[in-house]
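What follows is a set of notes on a single structure, which appears directly below.
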Amino acid sequence: MAFRQKNGAVDSSSSLSCFSHFCNSARRAKPLDSSSSRSTPGDGLIRRLGLFDLILLGVGASIGAGIFVVTGTVARDAGPGVTISFILAGASCVLNALCYAELSSRFPAVVGGAYLYAYTAFNELTAFLVFAQLMLDYHIGAASIARSLASYVITLLELSPFFKGHVPSWIGHGGEEFFGGALSINILAPILLALLTIILCWGVGESSILNSFMTATKVIIVVIVIFAGAFEVDVDNWTPFAPNGFQAVLTGSTVVFFAYVGFDAVANSAEESKNPQRDLPIGILGSLLICAALYIGVCLVITGMVPYKFLGEDAPLADAFNSKGLKYVSVLISIGAVAGLTTTLLVGLYVQSRLYLGLGRDGLLPSIFAKVHPKRHTPVHSQVWVGIIASILGGLFNVHSLSHILSVGSLTGYSVVAACVVTLRWKDEKGQSSRWISAWLEGVIYLVIVACCGFAAGVLYRYSASFIFLIIMAVIAILACAALCLRHAYADPPGFSCPGVPIVPSVCIFFNIFLFAQLHHEAWIRFVILSIITVGIYAFYGQYHANPSSDERIVYHRAPVEDTQ
């Protein structure tokens, strides 16, 4: 009996020790240090991206086939008011971009983006959760885009009589289904992914050239489409401007919000930027404003050419030009869609590999992900891994059916970035500590209240609850924001400064989580399940292999100076 009690005491002590280690590890944070160690040749990435490259990178990540499809699809509900939907979504993204711009100029010029910001402002576990949510979005998104790109490539090939009607579905159009749809074979999607992976492994200079060419091509095509359509606009089609009321316009803004979500790719290119502290903020905001201008122009044209009720579902912009006898523009639209999807896919694969590189360096993933090719200066192992995952998903499964669980990572990641701006500002100057909790924890509680109010308001709006409840949630969020203003002191950061801290970041958090509440309920389930799995992976692997500790400064390697010239 005594032996059992002794063993029981040992097991209990061991469990407490494991839990204590987990808690201590999860709370670790990366020190914010603007300096970095000099790496030996082969350890770092190469600084080849100038300001123009960064702007094209952001535009390439955002402008895909969606500009030719989503604009018309949302217009069927919002009418010509879809233009306001894009303006509202763009304004919200500008606020998020301001937060990204501050952190990109404040942090060392290294890979990581939202993951790195969360690691520094909060803790290791939060950063790992952010990475996991973002990565699932990227993996599913890359596979889905690859399938769409394969379909558009086949569409262009079928313009030739030689291919017309002779290309089987398993090559590129959709896919050949087996086992009741459990598998959906598509051959062309993995081939396209393999080609882009090879280009990315070859070097950032080569991939940047391809991205710049394809992005310039699609922007030129969009501009041609806007100008060609402007001569066919009938202003009577803009009346009524919001046929289904402002609620349909607002709902449309929650849908088109995701058309802007490419600017975080610029933040993840920090380690390959020639002058990151100056160019990253300009690249983030500049690419976003260019995308907004193109979206608004397309919206005005498409709703002016054809009454919104008659817009097609699958290819509304192409249908609009066909109805006016401008078939040559429809061909341009298909070419633009191929160029748009190519750059979106290329940048998506690029960003994923850089995130894996960051976690490999920090020890949260196996060290093989941290290896950089000594001559190519690219994270070959991470890039190949990303390409393999996307190829398996895109080649074997109908990932389009998973589209309703996407955007969870983007919205939660943007919210965490906004919160990082606030916490890093008040960590520079001590706030007013209360008797029971620290000033830092008190501030985090206020941020959580803002997020909870945003989610509650989103759920109430989604289920058409009384407007008074929405006002109550907004008032509570405003009070929490006021407490952030009054209870903490905020220092001006070096470099670019996000205006209106903590008000602007709080608005970002509220609206991002409001949009999160508009997602399909399966997206909420995905968020919870993936979070549980991520915590499990961290508990069994990450906490024991991560690098940071309170006694040593962990910094990223930079590329050799001679390679940056």
Side-chain angles (χ1 to χ4, degrees), residues 88-89 91-100 102-103 114 117-118 121-123 126 129-130 246-247 250-251 253-254 257 408 410-493 497-519 524 527:
L88 291 174
S92 173
C93 283
V94 165
L95 298 181
N96 283 287
L98 289 172
C99 297
Y100 263 93
E102 174 176 318
L103 296 181
Y117 307 152
F122 292 103
N123 52 58
T126 300
L129 288 167
V130 168
F246 181 74
Q247 184 170 2
L250 184 59
T251 301
S253 70
T254 66
F257 176 88
V408 174
S410 298
L411 289 172
T412 53
Y414 289 177
S415 301
V416 171
V417 168
C420 289
V421 172
V422 180
T423 57
L424 289 173
R425 287 278 198 101
W426 78 48
K427 288 173 73 173
D428 291 340
E429 294 183 8
K430 288 188 176 180
Q432 305 174 30
S433 297
S434 69
R435 182 177 178 181
W436 297 280
I437 59 176
S438 67
W440 189 90
L441 181 57
E442 181 183 346
V444 171
I445 291 173
Y446 293 141
L447 291 172
V448 171
I449 291 174
V450 171
C452 290
C453 288
F455 183 78
V459 171
L460 292 169
Y461 173 79
R462 178 174 180 171
Y463 294 104
S464 303
S466 174
F467 194 67
I468 188 65
F469 293 111
L470 292 174
I471 294 177
I472 291 173
M473 292 298 103
V475 168
I476 296 174
I478 291 172
L479 292 175
C481 184
L484 285 172
C485 295
L486 298 174
R487 296 286 297 171
H488 289 84
Y490 298 90
D492 292 329
S497 176
C498 175
V501 175
I503 298 173
V504 168
S506 297
V507 171
C508 290
I509 294 171
F510 183 90
F511 192 67
N512 290 340
I513 303 302
F514 178 90
L515 292 179
F516 180 90
Q518 309 306 310
L519 298 176
W524 304 351
F527 176 80

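Everything numeric in this text was worked out from a predicted model, so none of it was measured. Numbers here are sequence positions counted from 1.
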Please identify each residue that fulfils side-chain hydrogen bond (donor to acceptor under 3.5 Å, both in side chains) with Thr126, with sequence neighbours left out. Asn123
Taking side-chain hydrogen bond (donor to acceptor under 3.5 Å, both in side chains) as the definition, give me every residue that meets it alongside Thr412, ordered by chain and number, with sequence neighbours left out. none
In Å and rounded to the nearest 0.5 Å, what is the [atom1] to [atom2] distance from [X] to [Y]?
{"X": "Asn96", "Y": "Cys498", "atom1": "CG", "atom2": "SG", "value": "9.5 Å"}
{"X": "Asn512", "Y": "Ser92", "atom1": "CG", "atom2": "OG", "value": "5.5 Å"}
{"X": "Ser253", "Y": "Leu250", "atom1": "OG", "atom2": "CG", "value": "4.5 Å"}
{"X": "Arg487", "Y": "Trp426", "atom1": "CZ", "atom2": "CH2", "value": "12.0 Å"}
{"X": "Tyr446", "Y": "Ser506", "atom1": "OH", "atom2": "OG", "value": "12.5 Å"}

Parallel under 30°, tilted from 30 to 60°, perpendicular over 60°: which one fits the rings of Tyr461 and Phe514? tilted
Backbone N or O of Phe469 within a donor-acceptor pair of the Ser466 side chain at under 3.5 Å? no
Side-chain donor/acceptor of Thr251 to backbone N/O of Gln247, under 3.5 Å: yes
Specify the closest pair of heavy atoms between [X] and [Y], including all atoms of both residues, with the distance to one decimal.
{"X": "Ile503", "Y": "Cys485", "value": "CG1-SG, 4.1 Å"}
{"X": "Ala517", "Y": "Trp524", "value": "O-CZ2, 3.1 Å"}
{"X": "Ala456", "Y": "Met473", "value": "CB-SD, 3.4 Å"}
{"X": "Val422", "Y": "Pro505", "value": "CG2-CB, 3.5 Å"}
{"X": "Ser497", "Y": "Arg425", "value": "OG-NH2, 2.9 Å"}
{"X": "Val130", "Y": "Ala118", "value": "CG2-CB, 4.3 Å"}

Ring pair (Phe, Tyr, Trp, His ring centres under 6.0 Å) with Phe516: which of Phe510, Phe527, Phe257? Phe527
Side chains of [X] and [Y] in contact at under 4.5 Å (non-hydrogen atoms):
{"X": "Tyr414", "Y": "Cys508", "answer": "no"}
{"X": "Leu519", "Y": "Leu411", "answer": "yes"}
{"X": "Cys420", "Y": "Leu103", "answer": "yes"}
{"X": "Leu129", "Y": "Val416", "answer": "no"}
{"X": "Phe511", "Y": "Leu88", "answer": "no"}
{"X": "Val421", "Y": "Val501", "answer": "yes"}
{"X": "Phe122", "Y": "Tyr117", "answer": "no"}

Which one of Ile509, Ile513, Ile445, Val507 satisfies the side chain to side chain contact (heavy atoms under 4.5 Å, CB included) criterion with Val450? Ile509
